[in-house]
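First the structure, in the form of structure tokens, and then the observations on it.
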Amino acid sequence: MPITLQPPQPGDLITASFAKQLVDLLSQLDARVSVLEAVVPGSDGQLSISQIVPSDVVVGDQIQIVGANFGLPSEDVVSFDGTTSVTKFLPGSNDKLLILAVPPISFGKLTTKSVPLVVSGARGSASNSITVHTTEATIPTGTITVSPGQVPADIAPGSSFVMPFNLSILANLSETYNLVPSVPSVSPAWTATMVTNANGTTELPQPWQIPITKPSTDTAVTATVFVKVTIPLGTTATPFVRLDVVSQRNPTGPSALTGGVTATFDFGQPQQPPQTVKFVVTSFTGTNVTGDTNLVTLPLPTPTTAPIDGVTYSIQNLKANTKYTLTLSWKDTTNANQGWTAAFGGAPGIGTWPLITKTVTQVGAGSDSEKVAIVGIAGAKANTLLLTVRSQTDSVNDYGILSQGIAART
């Protein structure tokens, strides 16, 4: 808009009409400035956002918030969805640009969400929104529980038998798992092969694998697989059969998706009832205790100090309103259990020591957590701790037995 008001000359008379024209012109200029400030964010000196690049992202992606009057980035806060805040920005951030990574936010059961974004600083605050997608998993993670099924009766050298194993898998992706059976590595050699059913007449082609589809809910996918074991005459090995279940895409590392269990047995033992109870090791306690679900290694004690260490087990698949009898015993009872004592609960001097039998009343269907304290003397030799669970009301079917390796470490 051109300025038409002529400036007064020396000696001119300043009239009311001239003053009114001057005020009107200033009002018009103020209106124009206000319009320009609305069009150009931040021109009023307040913090503003002009755009976010990109505005459609996945958690962890880098974004750039373009605007004005951010001031020092160290004084700014960017909040996402009103819950998660970012206060540290990537190199290159300045008064007109904030560079950062999209932090984790809560999606609930959604996979995509429109998320409010607010930038706050010394010169006010401004908001915008972006579309955020959950991080897409690239490797399967989750849990695998492997438990032995019913051990056949009267297993003897010079024969074959089929051992069932029950799988329970809860993973975030569909995956194919390798099945790895193993038996004692001795001469004459044992053999272990995967077969299609309990009859053992048809061997599965190698590689031995099982595909498991990602569950649509939080319920684990279950399956039963079968291992056929052939034992030669003249064997001197301690009998066992083990099955490991290993994810193809995530077989190693801190988040490896694997599971396995060893089923031990004695030659000529009678058939046990079907095993329905499962066991999971949830923690180890004590000094220098190491191990996994199949072997716990304890430091060899000095002659004057016996270490008291423990393993906490989750006993799963217990029925509601049922009483269970829990019993501890050792597979090798010679030489005072090869130098070991085990008991439910605490150390010697606390309550009845050693407590090797207890009753658990299960109110609702689910699991029970039990800590087993272990004491070893100097010179203790490897042994197997047996934790047996039997229902007091269903002695035929509701049963489980855990064989836990225990060894001293020098």
Side-chain angles (χ1 to χ4, degrees), residues 143-169 177-186 189-200 203-204 208 210 222-232 235-246 258-281 291-296 311 313-317 326-332 372 382-390 397-407:
T143 58
I144 300 177
T145 301
V146 186
S147 59
Q150 182 175 336
V151 179
D154 300 322
I155 301 173
S159 64
S160 298
F161 72 97
V162 176
M163 181 69 201
F165 287 90
N166 302 311
L167 315 183
S168 178
I169 301 176
Y177 299 86
N178 292 323
L179 304 175
V180 186
S182 57
V183 288
S185 179
V186 293
W190 295 37
T191 61
T193 57
M194 302 301 304
V195 292
T196 56
N197 53 45
N199 294 327
E203 181 178 341
L204 287 172
W208 294 320
I210 183 171
T222 59
T224 300
V225 296
F226 303 90
V227 179
K228 182 177 181 179
V229 178
T230 301
I231 307 172
T235 186
T236 58
T238 301
F240 73 86
V241 54
R242 178 175 175 84
L243 180 68
D244 286 284
V245 181
V246 183
T258 65
V261 70
T262 299
T264 60
F265 56 91
D266 292 321
F267 292 128
Q269 69 181 358
Q271 187 179 61
Q272 297 288 341
Q275 179 154 320
T276 58
V277 173
K278 297 180 180 179
F279 302 87
V280 176
V281 173
D292 56 23
T293 57
N294 303 290
L295 179 67
V296 174
V311 184
Y313 299 99
S314 173
I315 306 173
Q316 303 178 341
N317 291 359
L326 279 56
T327 306
L328 293 172
S329 61
W330 292 95
K331 187 172 183 178
D332 186 350
V372 178
N383 204 343
T384 300
L385 177 66
L386 305 176
L387 170 55
T388 303
V389 179
R390 292 185 184 273
N397 296 308
D398 205 1
Y399 164 89
I401 184 167
L402 172 80
S403 299
Q404 176 74 65
I406 304 292

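Numbers here simply count residues along the sequence, with the first being 1. Every value quoted in this text rests on a predicted model; they were computed, and no experiment measured them.
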[X] vs [Y] side-chain heavy atoms within contact, under 4.5 Å:
{"X": "Thr230", "Y": "Trp190", "value": "no"}
{"X": "Val281", "Y": "Val311", "value": "yes"}
{"X": "Val151", "Y": "Gln269", "value": "yes"}
{"X": "Ile315", "Y": "Leu326", "value": "yes"}
{"X": "Pro148", "Y": "Val261", "value": "yes"}
{"X": "Val186", "Y": "Thr236", "value": "no"}

Rounded to the nearest 0.5 Å, what's the gap from [atom1] on [X] to [atom2] on [Y]? Could you check?
{"X": "Asn178", "Y": "Ile210", "atom1": "CG", "atom2": "CD1", "result": "11.5 Å"}
{"X": "Ser168", "Y": "Gln316", "atom1": "OG", "atom2": "CD", "result": "8.0 Å"}
{"X": "Gln404", "Y": "Tyr313", "atom1": "CD", "atom2": "OH", "result": "3.5 Å"}
{"X": "Lys331", "Y": "Thr264", "atom1": "NZ", "atom2": "OG1", "result": "4.5 Å"}

Evaluate side-chain contact (heavy atoms from CB on, under 4.5 Å) for Leu167 paired with Tyr177, printing each intermediate quantity in order.
-> CA-CA 11 Å; Leu167 315 183; Tyr177 299 86; over 6 Å; no
For a side chain to side chain contact (heavy atoms under 4.5 Å, CB included) with Thr388, tell me which candidate from Val277, Ile401, Leu328 qualifies.
->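 The passing option is Ile401.
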Matching residue for Phe165 among Leu179, Val245, Val225 - test: side chain to side chain contact (heavy atoms under 4.5 Å, CB included) | Val225
Show the nearest heavy-atom pair for residues [X] and [Y], with the distance to one decimal.
{"X": "Asn383", "Y": "Asp332", "answer": "ND2-O, 2.7 Å"}
{"X": "Val241", "Y": "Val227", "answer": "CG2-CG1, 4.0 Å"}
{"X": "Phe240", "Y": "Ser182", "answer": "CE1-O, 4.0 Å"}
{"X": "Pro232", "Y": "Pro157", "answer": "O-CB, 3.6 Å"}
{"X": "Trp208", "Y": "Thr193", "answer": "CH2-CA, 3.6 Å"}
{"X": "Gln150", "Y": "Pro164", "answer": "O-CD, 3.6 Å"}

Between Leu386 and Ser329, does a side-chain contact (heavy atoms from CB on, under 4.5 Å) hold up when you go through it step by step?
-> CA-CA 5 Å; Leu386 305 176; Ser329 61; 3.6 Å; yes
Walk me through it: do Thr327 and Arg390 pass the test side-chain contact (heavy atoms from CB on, under 4.5 Å)?
-> CA-CA 9 Å; Thr327 306; Arg390 292 185 184 273; over 6 Å; no
Are the side chain of Asn317 and the backbone of Thr276 linked by a donor-acceptor contact shorter than 3.5 Å?
-> yes
Audit row: Val183, Thr191, side-chain contact (heavy atoms from CB on, under 4.5 Å) steps and yes/no | CA-CA 7 Å; Val183 288; Thr191 61; over 6 Å; no
Which word best sums up how the rings of Phe161 and Phe265 line up, parallel for under 30°, tilted for 30 to 60°, or perpendicular for over 60°?
-> perpendicular
